[in-house]
Chemist: 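Pasting in a structure now, in structure tokens, and then I'll have a few things to ask.
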2 protein chains.
Amino acid sequence: MVDIATRVYNHKWKIDPIVRSLIDTDFYKLLMCQSVFRNKPDTEVSFSIINRSTDIRLAELIDEGELREQLDHIRTLRLTRGESTWLRGNTFYGKRQMFRPDFMEWYENLQLPPYTLEKRDGQYELTFEGRWPEVMMWEIPALAVLMELRGRAVLAHMGKFELQVLYARAMTKLWEKVERLKPLDKLKVADFGTRRRHSFLWQDWCVQAMMEGLGDKFVGTSNCLIAMRHDIEAIGTNAHELPMVYAALAETDAALREAPYKVLADWHEEHDGNLRIILPDTYGTRGFLDNAPDWLAGWTGIRIDSGNPFEGAETAIRWWQDRGEDPTQKLIIFSDGLDVDLIHDLYDRFKDRAKISFGWGTLLTNDFRGLVPDDGLAPFSLVCKAVSANGRPTVKLSDNPNKAMGPEAEIARYKRVFGVGEQVAREVVV
Amino acid sequence: MVDIATRVYNHKWKIDPIVRSLIDTDFYKLLMCQSVFRNKPDTEVSFSIINRSTDIRLAELIDEGELREQLDHIRTLRLTRGESTWLRGNTFYGKRQMFRPDFMEWYENLQLPPYTLEKRDGQYELTFEGRWPEVMMWEIPALAVLMELRGRAVLAHMGKFELQVLYARAMTKLWEKVERLKPLDKLKVADFGTRRRHSFLWQDWCVQAMMEGLGDKFVGTSNCLIAMRHDIEAIGTNAHELPMVYAALAETDAALREAPYKVLADWHEEHDGNLRIILPDTYGTRGFLDNAPDWLAGWTGIRIDSGNPFEGAETAIRWWQDRGEDPTQKLIIFSDGLDVDLIHDLYDRFKDRAKISFGWGTLLTNDFRGLVPDDGLAPFSLVCKAVSANGRPTVKLSDNPNKAMGPEAEIARYKRVFGVGEQVAREVVV
């Protein structure tokens, strides 16, 4: 029987909103936001969308009106009572009241700030300006909207059965990955795929498939809304935007050199246990670790997010050994460009040498490669980054020069300050 | 929104019926039934289920109570007004009022006769006895019920996502077949897969996928209910049960020798055009054609349903040429064990030498090979055949001795009467 009321209700939607909740975002944005809200609440920042896959001409694929409707819809969202209850009442990483009352009160009243949107050279210039805690919350929904609108543009031309078969193929593909991961006894893997997912519903399906297929080996999702709906762990720690903004705010080279450590000192005060994860690559992993204070070696683990991950993990293990720490008691989180083969290889190499965990992103939630003609649904490398703070440009060097960003002169200065020499370029797939 | 009424309505079902309509059957059963109803209405026949795949121990896989519930449910079915209207009002093979009023009146009052069910050696002995027009209507639903209950027994142990992925894989597999058939310009293919389908819903999906994927190259389905629902052609002509029962009724060897031609003489009186399709293999194609009366050469085509299909088609072409007919104006229907490779090969060889058409059966509607452990959903060779008529056993020789049936002494007698010598055995896949 057709539910007439449902049909009529659906007709009332002006658009089919891509992002329908303020917590349809990565958990680490909330952790970082709380930290920023406490330590740098009045910093004025600018965030921009950057499409590193310039051959994907988004402004020709995506209708500007539809994009504006989706972004405008996100600005109408407010934290719901149920979402607030979940954030206030839940245990994250074993800790109750992870989010302080003053932060929750602010979050309950948050409306995302205005955006500016222009077309240039076949791309959208989409920027967000304002106070850091507000602007940073745009990152994930803005990326998710652009990824999904590009997908919708391709799907719009497909027949009913073509669509059904497309998803059948995508499901089959994902399930084969899950089956290949099952035999890894000590596997710990989480969904990190919100930002470049194919769509919300697809990410939700992927998470449920991982829950059924991997059981305890699936340790959670970075997506708060999905974690809430399926009563699983919300996963994440911190990201490059913290050292990038702290560094941009530094007045001197000496202050700049200290900025990445200052980020972690602030973090140290707020968090312990599994939330003490070093992200060392913003200005080069090797220099960061060589110059790190000893208290950082006591942290729980390191996240490897660029460069050759085998080398990154070896560097981390050597560093812990040099500082008198036992690497087998440390956690290494791999989170860059993972797919099943790489997970297998990293698992085999490091499973007995450290605690390891995988944050599986785009190739979990958006592997539609090869499923439509001209590969029109293949994921691509879209990011949303802090580009300035209090009027000063931000810089990222990364362990992969293809992921570097910032004005050339500033990049040169950062390389000098952080002692970064030659770097090996690696293709950025997603 | 959940439709509460639908949920409550679903709770009222005692079982989930596999066959829900008397026209969820092959169209040719109705054509043959009408012929039998006119020519041999009082013949007492016995039909039996025969599982040629003896390694599939159905009585251990399928619960007897569930099987009885399904069969009992079929006995509660009656032709609905809408079904009757469709049969009376529709055009079949371009002809209106294909079904005579007296037949329709009889059909509208039909209840399928009782069955007897016993277990022996891990198999079910399921037999139907009574007047031919009634008993023959059991064939398709009985087969569909056994095939689907065996599938349900395997599916019962699977998780929600395992199930979803199973169907995703099956959809992908079918769609790849459809895509491989698309390039065949002059292709004509129909669904003949009711009897050994995976399930009704799956057959229905397959038909819709063929409609979207192949357009005009998909010429219809043998399933009347599915033809009615999607407003497409119902396809089919006649089958082995006619010559088998006519032959069993023959009192002398001379009458036996004439029986297969008598069937077609009766058919000739009733039907013309595309319904005049010879099924020559019941007692050996070569002898049948050699001894056939000339008027048969004037028929529209031949259906190749056993033996090597290339040789069968070559035999048919030579026969038409010998009788002064132009094979390029004749129709050859292939309907035995087809899958994409074989369709391709037959198409390439015969597309310019005759009109050709494919009745694609089990490997269209039930190709779940390789999709579950131990291949528990692979199709198998289950048939439901007339085994006696007025107390005398029936015999089938076929062009493949693995498809032969009947008492040994009778098989020998038939071989002698029809001049059948050595035959090449071919594996019966489905």
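Just so we're on the same page: letters track the sequence lines, and every chain starts at 1.
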Chemist: What part of B:Glu212 lies closer than 4.5 angstrom to a heavy atom of chain A: side chain, backbone, both or neither?
Modeler: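 When you check distances to chain A, only side chain atoms of B:Glu212 fall under 4.5 Å.
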Chemist: Heavy atoms, side chains only, cut-off 4.5 Å: are A:Phe161 and B:Met211 in contact?
Modeler: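 A side-chain contact under 4.5 Å is absent here.
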Chemist: Do B:Met171 and A:Arg169 make a side-chain contact, defined as non-hydrogen atoms from C-beta onward lying under 4.5 Å apart?
Modeler: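 Sidechains of A:Arg169 and B:Met171: no contact.
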Chemist: Using the side chain to side chain contact (heavy atoms under 4.5 Å, CB included) rule, pick out the option among B:Leu371, B:Thr172, B:Leu166 that qualifies with A:Thr172.
Modeler: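 Of B:Leu371, B:Thr172, B:Leu166, side chain to side chain contact (heavy atoms under 4.5 Å, CB included) with A:Thr172 is met by B:Thr172 alone.
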Chemist: Take a 6.0 Å sphere around CG of B:Asp348 and say whether it holds more than 12 heavy atoms from other residues, nucleotides or ligands.
Modeler: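 Yes, enclosed.
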Chemist: Given that the side chain runs from C-beta out, which part of B:Lys173 has a heavy atom under 4.5 Å from chain A: side chain, backbone, both or neither?
Modeler: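 Neither the backbone nor the side chain of B:Lys173 comes within 4.5 Å of chain A.
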Chemist: I'd like to know whether CG of A:Asp374 has more than 12 heavy-atom contacts from other residues, nucleotides or ligands below 6.0 angstrom.
Modeler: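 12 or below, so no.
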Chemist: Evaluate the criterion side chain to side chain donor-acceptor pair (under 3.5 Å) for residue pair A:Trp205 and B:Gln164; output intermediate values, then yes/no.
Modeler: CA-CA 10 Å; A:Trp205 190 89; B:Gln164 219 180 339; 2.8 Å; yes
Chemist: Within a radius of less than 6.0 Å around CG of A:Asp55, do more than 12 heavy atoms belonging to other residues, nucleotides or ligands occur?
Modeler: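 It does: A:Asp55 CG has more than 12 such atoms within range.
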